[in-house]
Amino acid sequence: MKGYDYTSSGAYFVTICTKDRRHLLGTFVGGDALVGPHIELTHYGRTVEKYINSIGHVYPDILVDSFTVMPNHIHFIVLLSGSPKAATPTKTGLPGIVNSLKGLTSKQCGISLWQRGYYEHVVRGENDLREIREYIAHNPQKWETDEYF
């Protein structure tokens, strides 16, 4: 959103796609009577997952509420608290977090993983947050009908 302060306290929903939407992060498996549909992560996908899980340790005033790693994109909700727990608080905003995640994971994997830019949505209230959480949680089961498939 042009002119919006993405360092403001609040919840943000983020989607980042792989370069050329290549299926680098995982493979869709299951969906039969024995195994429910899920995403089996590749080495790249596990690396991305590790870095997403570390965001709250690197930025103590930021929490990753929920996320999913799909074959060619990731979704996550990040909460910027506005009340930093760090002794020396940083005012890192959403662009800094996303650029850091993209740069570090690409460097760790040894390839350019991500497309330019990303999609963000300012979460507006509890209903919006609940719906996005449900979308993230159920996204792997809906892979074959996903807009990024």
Side-chain angles (χ1 to χ4, degrees), residues 1-28 36-42 44-109 111-149:
M1 210 169 6
K2 190 172 177 113
Y4 188 83
D5 179 6
Y6 286 97
T7 62
S8 298
S9 296
Y12 302 91
F13 173 52
V14 178
T15 299
I16 309 172
C17 292
T18 58
K19 190 173 184 178
D20 301 322
R21 293 193 179 175
R22 293 178 295 169
H23 295 197
L24 299 172
L25 306 178
T27 305
F28 178 80
H38 64 281
I39 306 300
E40 189 172 288
L41 298 180
T42 63
Y44 298 142
R46 287 189 301 277
T47 300
V48 170
E49 180 180 57
K50 177 180 86 172
Y51 276 89
I52 291 172
N53 281 321
S54 73
I55 288 173
H57 300 290
V58 176
Y59 305 103
D61 54 335
I62 296 166
L63 173 71
V64 174
D65 178 81
S66 55
F67 73 92
T68 190
V69 178
M70 299 296 289
N72 65 354
H73 65 282
I74 59 174
H75 296 296
F76 61 95
I77 299 171
V78 64
L79 306 175
L80 304 183
S81 71
S83 56
K85 298 175 226 153
T88 54
T90 60
K91 193 63 172 157
T92 302
L94 188 62
I97 296 163
V98 170
N99 290 334
S100 222
L101 177 66
K102 289 169 72 173
L104 290 169
T105 53
S106 288
K107 184 175 182 180
Q108 181 72 34
C109 292
I111 65 167
S112 179
L113 281 175
W114 308 107
Q115 73 176 16
R116 290 187 56 172
Y118 57 94
Y119 168 82
E120 88 282 324
H121 168 79
V122 178
V123 178
R124 305 203 189 290
E126 286 300 317
N127 286 339
D128 196 21
L129 183 59
R130 187 186 76 258
E131 288 173 9
I132 295 168
R133 283 176 177 151
E134 287 176 18
Y135 174 80
I136 288 172
H138 295 32
N139 201 232
Q141 291 84 17
K142 298 179 179 180
W143 169 241
E144 293 178 321
T145 61
D146 192 286
E147 67 181 287
Y148 300 105
F149 178 71

Hey, does [Y] have a side-chain heavy atom less than 4.5 Å from the side chain of [X]?
X: Asp65; Y: Phe76; result: no
X: Val14; Y: Phe67; result: no
X: Lys102; Y: Trp114; result: yes
X: Thr27; Y: Ile39; result: no
X: Leu113; Y: Leu24; result: yes
X: Leu129; Y: Ile77; result: yes

Measuring from atom [atom1] of [X] to atom [atom2] of [Y], what distance do you get when rounded to the nearest 0.5 angstrom?
X: Lys19; Y: Ser106; atom1: NZ; atom2: OG; result: 9.0 Å
X: Thr47; Y: Leu104; atom1: OG1; atom2: CG; result: 11.5 Å
X: Lys50; Y: Leu41; atom1: NZ; atom2: CG; result: 13.5 Å
X: Asn139; Y: Ile74; atom1: CG; atom2: CD1; result: 12.0 Å
X: Phe28; Y: His38; atom1: CZ; atom2: NE2; result: 9.0 Å
X: Ser54; Y: Glu49; atom1: OG; atom2: CD; result: 11.5 Å

Handout entry: Asn99, Thr105, Val98 screened by side-chain contact (heavy atoms from CB on, under 4.5 Å) with Leu101, the one that passes
Key =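 That would be Thr105; it is the only one of Asn99, Thr105, Val98 passing the side-chain contact (heavy atoms from CB on, under 4.5 Å) with Leu101.
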Problem - Reference residue Ile62; test side-chain contact (heavy atoms from CB on, under 4.5 Å); the match among Leu94, Leu79, Leu80 - result: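 Going through Leu94, Leu79, Leu80 one by one, the side-chain contact (heavy atoms from CB on, under 4.5 Å) with Ile62 is satisfied by Leu80 alone.
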Practice task
Might you work through the side-chain contact (heavy atoms from CB on, under 4.5 Å) test for Val48 and Gln108, ending with a clear yes or no?
Solution key: CA-CA 9 Å; Val48 170; Gln108 181 72 34; over 6 Å; no
Practice task
Say whether Ser100 and Tyr59, considering side chains only, have a donor N or O and an acceptor N or O under 3.5 Å apart.
Solution key: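 Ser100 vs Tyr59: donor-acceptor pair found between side chains.
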Provide the closest heavy-atom pair for [X] versus [Y] in the form atom of the first, atom of the second, distance.
X: Ser9; Y: Ser81; answer: OG-O, 3.3 Å
X: Thr68; Y: Pro140; answer: OG1-CG, 3.5 Å
X: His121; Y: Asp128; answer: NE2-OD2, 2.8 Å
X: Val123; Y: Phe13; answer: CG2-N, 3.9 Å
X: Pro71; Y: Gly26; answer: CB-O, 3.3 Å
X: Pro95; Y: Tyr118; answer: CA-OH, 3.4 Å

So, the side chain of [X] versus the backbone of [Y]: is there a donor-acceptor pair under 3.5 Å, distance only?
X: Ser66; Y: Arg133; value: no
X: Thr42; Y: Gly45; value: yes
X: Asp20; Y: Arg22; value: no
X: Arg21; Y: Asn72; value: no

Practice task
Please assess Thr18 against His73 for the test side-chain contact (heavy atoms from CB on, under 4.5 Å), listing each intermediate value before the final yes or no.
Solution key: CA-CA 6 Å; Thr18 58; His73 65 282; over 6 Å; no
Exercise for the section: Report the C-alpha distance between Asn53 and Val64 in whole Å, list the side-chain angles of each, state the deciding distance to 0.1 Å, and finish with yes or no for side-chain contact (heavy atoms from CB on, under 4.5 Å). Expected result: CA-CA 7 Å; Asn53 281 321; Val64 174; over 6 Å; no
Exercise for the section: May I ask you to decide if the ring planes of His75 and Tyr135 are parallel, tilted or perpendicular, using 30° and 60° as cut-offs? Expected result: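 Ring orientation, 0 to 90° scale: perpendicular.
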Handout entry: Within 6.0 angstrom of Glu134 CD, more than 12 heavy atoms from elsewhere
Key =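 Buried by this count: over 12 neighbours within 6.0 Å.
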